[in-house]
Amino acid sequence: MDTIDRIFDRTVAEVIVREELEQKLRSGRKLRLKLGLDPSKPNLHIGHAIGLRKLRQFQELGHQIVLIVGDWTARIGDPSGRDASRTMLSAEEVQRNAETYMQQFNIVVDRSRTKVRWQSEWFGKFTLTDVFDLTSRFTMAQMMAHETFRKRWEEGRPLTLMELMYPALQAYDSVAIEADIEFGGMDQKFNILAGRDLQSSLGLPPQDVFLVPLLPGTDGRKMSKSFGNTIDLTDPPDQMYGKAMSISDAMLDEYLTLVSEIADAELEEIRHELARGTVNPRDVKMRLAHDIVRQFHGEKAAREAEAEFVRVFQQRELPSEIPVYECKDDQPIAIIKLLVGAGLAKSTSEARRLITQGGVRVNDEKVQDISAVIEPRDGTIVRVGRRRFVEIKRRDQ
RNA sequence: GGGCAGGUACCCAAGUGGCCAAAGGGGGCUGACUGUAAAUCAGCUGGCUAAGCCUUCGGUGGUUCAAAUCCGCCCCUGCCCA
């Protein structure tokens with residue numbers, strides 16, 4: 001297995017056209033790899049990391065990455081997989097988001113070997129004539145082949161003309177930069193293929209399509225910030241470890257395959273043991289969590305996060321670092337006020353509920369009385385549920 | 001431009017004069033249990049100075065003792081016709 005074969009490993013979903021791409025790779029030519037950046041959601045999670053790791057591999061083979069800042073397409077919002085239109089972003093938001101994105105992109109990919117191009121470089125000069133020329137190369141039937149568009153249409157949901165143009169714009173990017181390969185998740189298949197078609201239509205060599213699988217969220221649903229089931233690249237080690245431990249058992253295999261860097265042979269062994277029941281799934285999950293933290297924060301952080309997890313969740317001890325809540329004075333304070341003030345409850349009503357349900361502890365003693373009043377002493381620990389803690393400290397005048 | 005059907009809480013969705021802070025599901029939270037923040041089961045899930053009060057059902061103005069529910073106008077969406 002040479003370095004080129006390693007490009008086509010277990011984290012690849014589909015390559016169109018595989019033989020063509022292999023030929024390009026072996027030709028020794030320096031290739032231009034396109035990746036579109038969607039500045040409407042700048043936060044990168046470990047699902048994105050699958051594709052980014054691939055890009056780094058290509059970089060190591062000496063190829064050129066071109067990162068397209070989709071400042072025009074972001075204003076539309078990628079309709080793929082969406083059942084409702086999104087509100088348009090302002091130019092400033094796009095700028096800000098793009099910066100955040102590129103910082104996180106850097107965690108995995110070598111920035112110095114990445115060229116950044118903005119869509120406005122070409123779309124800023126677009127005239128209506130150009131729009132006609134572009135849109136005349138796609139038919140409604142082609143667009144309706146896109147499952148998202150078809151479903152929206154069939155279910156009678158709103159679908160704007162502007163959204164219909166999204167694939168065409170993304171396709172034109174490939175023309176503008178003369179991409180040899182475009183990268184994306186499986187949800188990008190349609191858009192990337194549109195680029196391939198458009199290039200051919202204009203007499204250019206068509207790009208190859210390199211697709212990585214979409215990683216489901218920790219709960220098995222689509223990984224999305226709004227579900228709160230992501231593991232972000234910027235998550236601190238403890239949180240990353242904990243989130244990895246919270247993936248449901250059903251997702252374990254997929255995560256091991258796509259996210260961990262455990263070697264194929266060993267992974268096969270782990271699968272057998274899981275199937276035979278000779279290993280505790282929890283321990284495999286710990287191995288996975290460790291591996292994930294290691295990739296993004298290093299071995300030392302991974303070991304520490306693991307120790308912390310064992311301490312807090314398995315032995316139910318206090319975490320090593322607890323947020324501090326400063327009290328203005330030493331006046332006794334109603335527990336409800338304290339919970340809200342320290343951000344442990346969103347409202348008084350919620351604080352009451354938490355107490356009634358037995359979820360509140362002060363210095364490890366359950367508080368049952370809604371009207372309880374406590375003396376704020378330095379070092380008093382207030383705990384809500386399993387995971388929320390606060391340590392009281394009096395502010396020195 | 002005309003006709004018809006819609007807009008309900010974080011999301012989906014019931015409710016068509018008082019019994020509505022509003023069914024049900026999802027999500028979230030808490031508890032029990034455990035093998036972990038997995039799985040399963042149970043409870044909770046607008047706010048407040050809290051057995052009472054206040055705000056919410058696209059917007060606004062009415063009718064009524066009483067409106068998510070009835071009426072007028074406006075905004076938004078879909079379907080059919082042009």
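Protein chains get the first letters and strands the later ones, always in sequence-line order, with residue 1 at the start of each.
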Under-4.0 Å side-chain N/O to phosphate OP1/OP2 contact, [X] with [N]:
X	N	result
A/Ser349	B/U45	no
A/Arg353	B/G47	yes
A/Arg388	B/U30	yes

Salt bridge check: are A/Glu14 and A/Lys189 linked by an N-O gap of less than 4.0 Å?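 Yes, this pair counts.
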Could you check whether A/Ser120 and A/Asp71, counting side-chain N and O atoms only, form a donor-acceptor pair closer than 3.5 Å?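 There is such a pair (donor and acceptor under 3.5 Å, judged by atom type) between the side chains of A/Asp71 and A/Ser120.
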Return yes if a side-chain donor-acceptor contact under 3.5 Å exists between A/Thr127 and A/Asp130, otherwise no. yes
Polar atom pairs between nucleotides 75-79 of chain B and protein, under 3.5 Å, N or O only, would you list them?
unit_1 : atom_1 : unit_2   : atom_2 : d
B/G78  : O4'    : A/Gly156 : O      : 3.4

When all nucleic acid strands are considered with a 4.0 Å heavy-atom cut-off, which category describes A/Gly242: base, sugar-phosphate, or nothing?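 Base, at least one base atom sits under 4.0 Å.
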Roughly how far apart, to the nearest Å, are [N] and [M] at atom [atom1]?
N	M	atom1	result
B/C33	B/A42	C1'	11 Å
B/C20	B/C73	C1'	27 Å
B/U40	B/G47	P	28 Å
B/U56	B/G61	P	12 Å
B/G72	B/U63	P	15 Å
B/A13	B/G6	P	13 Å
B/G26	B/G18	P	29 Å
B/U60	B/A51	C1'	37 Å

With a 3.5 angstrom cut-off on both distances, give the Watson-Crick or G-U wobble partner of [N], or none if there isn't one.
N	value
B/A22	none
B/U40	B/A32
B/G78	B/C4
B/U63	none
B/U45	B/G27

Residue pairs fulfilling salt bridge (Lys or Arg N to Asp or Glu O under 4.0 Å) with at least one residue in residues 365-381 of chain A, sequence neighbours excluded: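 Pairs touching residues 365-381 of chain A that pass the test: none.
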Looking at the side chain of [X], which of [options] is the nearest nucleotide?
X	options	answer
A/Arg221	B/G35, B/U36, B/G27	B/G27
A/Asp249	B/U36, B/C29, B/A39	B/U36
A/Thr348	B/G35, B/U36, B/A50	B/A50

For A/Tyr172, which of A/Phe123, A/Trp72, A/Tyr166 qualifies under ring pair (Phe, Tyr, Trp, His ring centres under 6.0 Å)? A/Phe123
Cation-pi geometry met for A/Arg111 and A/Phe105 (6.0 Å, 45°):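 No, a cation-pi geometry is absent between A/Arg111 and A/Phe105.
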Between CZ of A/Arg387 and P of B/U30 the distance, given in whole Å, is 8 Å
Within this structure, what is the CD-to-P distance between A/Gln357 and B/C29, rounded to whole angstrom?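 After rounding, the gap between these two atoms is 12 Å.
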Is a donor-acceptor pair below 3.5 Å formed from side chain A/Arg282 to base B/A38, judging by atom type as modelled? no
Check whether the side chain of A/Arg316 and the base of B/U34 form a donor-acceptor pair under 3.5 Å. yes
The side-chain hydrogen bond (donor to acceptor under 3.5 Å, both in side chains) partners of A/Arg311 (sequence neighbours excluded) come to A/Glu308, A/Ser320
Without swapping roles, check the side chain of A/Arg152 against the backbone of A/Pro158 for a donor-acceptor pair under 3.5 Å.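 Answer holds: yes.
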